[in-house]
Amino acid sequence: MASVADRLPDSRPPAEVGARTIPWAVLGWVTALVLFCYLPVLIPLVAQWEGDEDMGHGFFVPVVAAYIAWTRRDELLATEVKPNYWGLAILAYAAMQLLLGTLGAELFLQRTSIIITIAGCVLLTCGTKIFRILAFPIGLMLFMVPIPRIIYTQITFPLQLFASRVAEWALSLLGIPVLRDGNVLELASQKLSVVEACSGIRSLLSLSFLSLVYAFFFDSKPWMRWALLVCTVPIAILANAGRVTITGILSEVRPDLAQGFFHSMEGWIIFMVALVMLMLTHQLINWIYNGAHAKSKPADAA
């Protein structure tokens with residue numbers, strides 16, 4: 001006679017569970033192989049993070065990307081592992097890009113090939129479903145690669161001119177005599193030059209990275225990440241123009257406040273203000289979205 005336990009349905013998980021089929025050994029040696037192959041590229045990249053103030057956020061990018069992947073571990077473990085051999089084509093392209101970047105001494109090609117290689121490895125070993133889950137943290141690692149110098153120059157100089165024009169207009173509005181010559185502001189006390197470091201590109205890159213991370217953790221709507229990313233551009237530009245204006249005002253009050261430690265501290269304060277503006281923009285977008293969504297419900301019901 002069968003017992004009660006024999007008649008109950010088996011509640012044990014099936015043998016084919018995604019967590020049990022993840023090829024940890026394969027992922028381990030593939031990761032070690034990728035690090036070994038890209039070590040000559042990674043060492044100068046980390047050195048640039050340390051020496052270039054515009055890329056100071058580079059240290060945090062892989063850590064944050066890894067943490068975001070870790071927060072999705074339950075979803076990853078529940079997803080079926082089915083290798084996709086199109087990953088081999090992606091790896092072949094990444095190897096070709098690395099070769100061309102090495103032969104042409106093009107750092108951007110070398111460094112971005114690391115991210116393409118990681119994407120190819122995930123697709124090859126784990127499959128399309130897991131690749132889709134990890135697509136966002138993999139794409140986020142683009143922020144750890146410095147912009148090519150030729151593009152960097154094309155971006156920074158217009159930002160310098162814009163910040164100079166806004167500062168000239170604001171200072172004149174406040175009754176402070178100023179004469180602008182390109183990106184140089186001539187005040188009664190001293191001459192201020194809006195150099196590349198004051199163009200706002202540093203806050204633009206960092207704020208863009210933070211906007212995507214912020215939207216991931218504080219909003220479930222995927223489109224919100226791109227909305228906030230677009231909004232970071234005017235926010236960062238206006239915040240930097242405000243920084244240049246404040247520097248001009250302080251130089252008239254106390255010239256030493258526009259230099260050295262005080263100037264750096266001013267930059268940090270303005271960046272925090274820009275971050276608060278980003279959060280307020282997020283609340284405003286949600287307010288508009290919820291209002292439009294609430295109005296559409298009665299119309300749908302009717």
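Residue numbers count from 1 along this sequence. Reckoned from all heavy atoms, side chains included, excluding hydrogens, waters and symmetry mates.
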Are more than 12 heavy atoms from other residues, nucleotides or ligands located less than 6.0 Å from atom [atom1] of [X]?
{"X": "R132", "atom1": "CZ", "value": "no"}
{"X": "E50", "atom1": "CD", "value": "no"}
{"X": "F216", "atom1": "CZ", "value": "yes"}

**Report entry** Validation row, ring centre H57 to ring centre F143 under 6.0 Å
**Finding:**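 Aromatic pair excluded; centres sit 6.0 Å or further apart.
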
Is there a path from [X] to [Y] through hydrophobic residues (I, L, V, M, F, W, Y) whose side chains come within less than 4.5 Å of each other?
{"X": "M272", "Y": "L210", "result": "yes"}
{"X": "M279", "Y": "F218", "result": "yes"}
{"X": "Y67", "Y": "M144", "result": "yes"}
{"X": "F131", "Y": "I114", "result": "yes"}
{"X": "I151", "Y": "F162", "result": "yes"}

Determine whether [X] and [Y] make a side-chain contact, defined as any pair of heavy atoms from C-beta on separated by less than 4.5 Å.
{"X": "I68", "Y": "F217", "result": "yes"}
{"X": "T102", "Y": "P40", "result": "no"}
{"X": "S113", "Y": "Y38", "result": "yes"}
{"X": "K82", "Y": "K129", "result": "no"}
{"X": "I285", "Y": "W223", "result": "yes"}
{"X": "L278", "Y": "L228", "result": "yes"}
{"X": "D219", "Y": "N286", "result": "yes"}
{"X": "M141", "Y": "R111", "result": "no"}

**Report entry** side-chain contact (heavy atoms from CB on, under 4.5 Å) assessment of T128 paired with W86
**Finding:** CA-CA 10 Å; T128 306; W86 278 105; over 6 Å; no

Query raised in the report: Honestly, is R225 close enough over F136, meaning NZ or CZ under 6.0 Å from the six-membered ring centre and within 45° of the axis?
Result: yes

Atom [atom1] in [X], atom [atom2] in [Y]: separation rounded to 0.5 Å?
{"X": "L275", "Y": "S203", "atom1": "CG", "atom2": "OG", "value": "11.5 Å"}
{"X": "Q97", "Y": "T117", "atom1": "CD", "atom2": "OG1", "value": "8.5 Å"}
{"X": "I150", "Y": "I155", "atom1": "CD1", "atom2": "CD1", "value": "11.5 Å"}
{"X": "R243", "Y": "L238", "atom1": "CZ", "atom2": "CG", "value": "15.0 Å"}
{"X": "L123", "Y": "I118", "atom1": "CG", "atom2": "CD1", "value": "13.5 Å"}
{"X": "I130", "Y": "L76", "atom1": "CD1", "atom2": "CG", "value": "6.0 Å"}

Considering non-hydrogen atoms only, spot the tightest contact between [X] and [Y] and give its length.
{"X": "G101", "Y": "Q110", "answer": "O-NE2, 3.0 Å"}
{"X": "P62", "Y": "F59", "answer": "CD-O, 3.8 Å"}
{"X": "I235", "Y": "A274", "answer": "CG2-O, 3.6 Å"}
{"X": "T232", "Y": "L207", "answer": "CG2-O, 3.7 Å"}
{"X": "I138", "Y": "I115", "answer": "O-CG2, 3.5 Å"}
{"X": "L124", "Y": "P83", "answer": "O-CB, 3.0 Å"}

Query raised in the report: After noting the C-alpha distance and the side-chain angles of L91 and C121, does the key distance pass the side-chain contact (heavy atoms from CB on, under 4.5 Å) rule?
Result: CA-CA 7 Å; L91 289 175; C121 289; 3.8 Å; yes

Requested in this report: Check the pair L204, N240 against side-chain contact (heavy atoms from CB on, under 4.5 Å), reporting the backbone distance first and the verdict last.
Outcome: CA-CA 9 Å; L204 178 59; N240 184 67; over 6 Å; no

Requested in this report: Decide yes or no on side-chain contact (heavy atoms from CB on, under 4.5 Å) for V166 and I237, but give the supporting numbers first.
Outcome: CA-CA 10 Å; V166 173; I237 293 176; over 6 Å; no

